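Everything numeric here is computed off the predicted structure, so don't read it as measured data. Here is the naming used below: chain letters follow the sequence lines, and residue numbers restart at 1 for every chain.
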Amino acid sequence: MRVRFPPSPTGALHIGNARTALYNWLLARGHDGTLVLRIEDTDRERSTPENEQSIFEALEWLGVDWDEGPTYQSANAERHAEVVEQLIADGHAYRSTAGPEEVRAYKEAHESRGFRGAEEGEGAVRLRVPDEGVTVVRDVVRGETAFENTLLDDLVIARADGTPIYHLAVVVDDADAGITHVVRGADHYSNTPKQILIQQAMGAPTPVYAHLPLLHGPDGKKLSKRHGATSVEDLREAGYLPEAVINYLALLGWGYDEETTFHTVDELKERFSLERVSKAPAVFDEQKLRWMNGRYLRELSVDELTARLEAFTGHTGLRDAVAITQDKISTLAEFWPLARSFFEGPVDDPDARAKVLGKPEATDALTQVRSALGELAEPWEQEGVERVLRDAVERSGLKAKQVFQPLRVALTGTTVSPGIFETVALLGRDETLARVDEASRGRQAA
RNA sequence: GCCGCUAUCGUCUAGGGGACUAGGACGCCGCCCUCUCACGGCGGAAACCGGGGUUCGAAUCCCCGUAGCGGUACCA
C-alpha cells in the first residue's frame, strides 16, 4: 500500500487538511504502508518557502511523519507534457481554442450533453470523453456511483501555454509513484470520474479511492476564520496538546465503537479503518476539543506539563505553580492568567477588590489571618497553613468563605485562583504577609 | 440550470430488519463535593427530515419530496 497526502500549498495547515493528512497517516502506519508527501502546486507560484515551512512545522508538531518527499508537482512538468503529447498522438486528446463562452454555447445548443470540441491544432489540450457508457467511481466510504460519460465535458488537461491542469498532474504523478490509495476530501468526489477517464486514456491503473466528509463550522458553513481556530497553528497557539488534537480529529468523521472516546496514537493506528468513516459532513466543535484537551492535560505528569508550559509561555521555574493549577486548566493558554500573580504580584482588578475587600468583615478577616499566619512556626507548608487558617476562621466567627476570599484577593488580586492553602504555601511566609499587609493598608486608605 | 453526494439528540457519533422504552461523549440543567474557579461524582432534559412503499416487523431496504453540501474553470 502506497498512499500520499497533499497538504494545501497556500499557507497554514487547515484543520480539514490536517484531518485528511491524519487519516492517510493512520492508514499507512496501520498497514505497513508507505506514505508519500506531495505538494500540489501545478499552479507554479503557490508554494512559497514560508508556506511550506509552516505546513511542515504543523505536521511535525502533530507527529505526522512521512516516508518519501516532499515532492512537488511543478517539478514534474516535463513528464506531464510528455503524457499530454502522447495522449494527443494516441487520439485521446486534442487541441482546441474553445473557451468558457464556446462551452456554454455548445451546452445550450445540445440539451443535457457535455461539451465536445473539435481538433484545431492549437489552444488548450482537451481529453476526448467517450460519447457513451458510464464511468464508475468505486469509493471505500461512499460505495459505487456511475457517471454518464455523455454528460461529462471534454475537460482541459493542459493550458495553451503547455502547463498541466491539476487533474492531469495528480493522475500522472500518482501513477508514476505507484500510489494505490487516494484518501482526500469529498470536494473531489465529482472530479473523480475525470481523473479515472485520464487514467484509462493513459492506460494507468485506478487506485482505491476514499472521499472524506467535509468539515463545517458551527453554522453549517465552510469552516472559516470567524469560527475561531481554522488551522493547526491556531490550535497550537490556543494551547491545545497535539495528542488531544489528533484524538479529536480522528473522531470527526470516524467512530470506533459504542463508547470508546479516547485513543492513543498507537491505538488509532491499529483501530482506524476507512470502512468506518462516516459519510455525512461533520461540524468542528471546539468545546469538545477543549474538554478532551483538559483530560489529556490532567493525565500528564507535573514534570511533563511543566516542560510544555515553560515552552509555551516562555517562562521558567513554573513547576510549583503547575502542580497546583493542573486540574484547573483545560489548555496551556489558561495557565498564565491563573498563575501570573505568583510571579508578578497581585493583579490589578478593581472590581474584585471593591467587591471582596470592600465587605465590612474583610478587615477583621485579614487581621485574624495576619496574626494567625504571623505566628505559624516553620516549616511553612500547606498542612500547617491550612491548620492555622482554619483555626483563624474558627476564632473569627465568620464563614470560611468570608475569610478566604479577602485573603485570596489580598494575595492574588482576583477572586479566582488555585486553592487558598496551596497559594499561601507557594507564596511563602514573607511574600504572603507582605501582600496581606499591603491589602490592609489599601483598605484603610480607602 | 445540469450532475452527484449526504440526512439519528444543539454537536461528534453507535446502530447495518426484530436485542431500540434508540446507546456513548461534548455542551446544557439539577444535586453532591467545596475557600473562589475548576476538577470529580450522581441524576435529568434532548434525536431517527417528511411522505409513500417492501415486510409479520423498519432508524435500518426501495421510491418520491425537502434540505444541506459538493462539482460543473485554460483553480487546486
Side-chain angles (χ1 to χ4, degrees), chain A residues 6 8-10 40-43 46 73 96-100 103 107-108 111-115 123-126 137 139 141-143 145-148 151-153 155-167 169-170 185-194 211 213-214 216 218 220-222 248 251-262 276 278-292 294-295 298 325-330 334 338 352 356 386 389-390 393 399-409 412 414-423:
Chain A
S8 154
T10 52
E40 297 186 335
D41 65 343
T42 64
D43 193 13
R46 296 192 69 182
Q73 287 188 327
S96 162
T97 59
V103 171
K107 290 173 135 176
E108 272 167 26
E111 188 85 10
S112 65
R113 178 93 164 74
F115 174 75
V125 181
R126 287 183 184 268
V137 175
D139 187 283
V141 338
R142 276 148 209 277
T145 306
F147 292 83
E148 299 274 353
L151 262 22
L152 266 19
D153 293 334
L155 64 140
V156 172
I157 55 176
R159 302 181 182 90
D161 67 4
T163 56
I165 289 301
Y166 166 76
H167 299 303
V170 247
D187 49 338
H188 282 288
Y189 197 59
S190 300
N191 286 327
T192 307
K194 300 176 189 175
H211 288 90
L214 264 16
H216 292 160
K221 302 289 184 212
K222 211 172 152 140
Y248 177 72
L251 258 25
L252 263 189
W254 173 83
Y256 180 61
D257 60 13
E258 279 201 17
E259 69 268 334
T260 313
T261 300
F262 290 92
R276 289 192 64 83
S278 66
K279 294 186 267 215
V283 172
F284 178 75
D285 177 14
E286 197 169 338
Q287 282 196 110
K288 188 161 185 175
L289 205 210
R290 200 181 178 71
W291 163 80
M292 183 169 274
R295 293 284 300 255
R298 266 165 250 128
T325 50
Q326 181 164 21
D327 60 7
K328 293 181 180 296
I329 60 176
S330 293
E334 288 169 17
L338 194 60
V356 177
E386 174 161 4
L389 284 179
R390 290 209 187 275
V393 169
K399 289 181 180 165
K401 183 175 183 175
Q402 293 176 301
V403 175
F404 294 153
Q405 274 304 77
L407 176 57
R408 184 187 314 283
V409 173
T412 68
T414 74
T415 55
V416 176
S417 81
I420 195 67
F421 313 124
E422 291 89 333
T423 298

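Side chain Arg408(A) to base C35(B): a donor-acceptor pair is found below 3.5 Å. If you check distances only, the side chain of Lys328(A) does reach the base of C37(B) with a donor-acceptor pair under 3.5 Å.
Aromatic rings from Trp291(A) and Phe262(A) are positioned such that their centres are separated by under 6.0 Å.
If you check U36(B), A76(B), U72(B) against the side chain of Lys107(A), the one that comes closest is U72(B). In this structure, the nucleotide among U6(B), A25(B), A76(B) sitting nearest to the side chain of Lys288(A) is A25(B). When distances run from any side-chain atom of Tyr189(A) to the nucleotides C74(B), C5(B), C69(B), the shortest one goes to C5(B). Candidate nucleotides U6(B), A14(B), A38(B) were compared by shortest atom distance to the side chain of Asp327(A), and A38(B) ranks first. Of the candidates C69(B), U36(B), U6(B), the closest approach to any side-chain atom of His216(A) belongs to C69(B). The side chain of Lys401(A) sits closest to C35(B) out of C35(B), U6(B), A38(B). Listed candidates were C35(B), U72(B), A76(B). Nearest to the side chain of Thr42(A) is A76(B). Checking C74(B), U6(B), U11(B) against every side-chain atom of Arg142(A), the shortest atom distance belongs to U6(B).
Counting any heavy atom pair closer than 4.0 Å across all strands shown, Ala280(A) reaches sugar-phosphate atoms only and no base atom. Within the nucleic acid shown, Gly185(A) has no heavy atom closer than 4.0 Å to any nucleic acid atom. Within 4.0 Å (heavy atoms only), Thr192(A) reaches no atom of the nucleic acid at all. Nucleic acid contact class of Glu258(A) (heavy atoms, under 4.0 Å, all strands): base. Residue Arg113(A) is classed as having no contact, given no heavy-atom separation below 4.0 Å to the nucleic acid. Within 4.0 Å of Ala352(A), counting heavy atoms only, lies no atom of the nucleic acid at all. Residue contacts shown for Arg298(A) are limited to sugar-phosphate atoms, with no base heavy atom under 4.0 Å away. Contacts of His167(A) with the nucleic acid, taken as non-hydrogen atoms under 4.0 Å apart, include base atoms. Within the nucleic acid shown, Leu251(A) comes within 4.0 Å of sugar-phosphate atoms alone, with no base atom in reach, counting heavy atoms only.
Phe262(A) places its CZ atom 16 Å from the P atom of G24(B), with the value rounded to the nearest Å. Rounded to whole Å, the distance from CD1 on Ile420(A) to P on A38(B) is 17 Å. Between the P atom of C26(B) and the CD atom of Glu259(A) lies a distance of 13 Å, rounded to the nearest Å. We find that CG of Asn191(A) is positioned 15 Å from P of G4(B), with the value rounded to whole Å. One interatomic measurement links the two molecules: NZ of Lys279(A) to P of G4(B), which rounds to 17 Å at whole-angstrom precision.
With a 3.5 Å ceiling on both atom-pair distances, the Watson-Crick or G-U wobble partner of G40(B) is C32(B).
The backbone N or O of Tyr256(A) lies less than 3.5 Å from no partner atom in the side chain of Thr260(A), so there is not a single donor-acceptor pair.
Comparing the same atom, C1', in G70(B) and in A59(B) gives a spacing of 26 Å after rounding to whole Å. G41(B) and U21(B): their C1' atoms are spaced 27 Å apart (whole Å). C61(B) and G17(B) have their C1' atoms separated by 8 Å, with the value rounded to a whole Å.
Taking the 5.5 Å centre cut-off and the 30° plane limit, the aromatic side chain of His188(A) is classed as stacked on A76(B).
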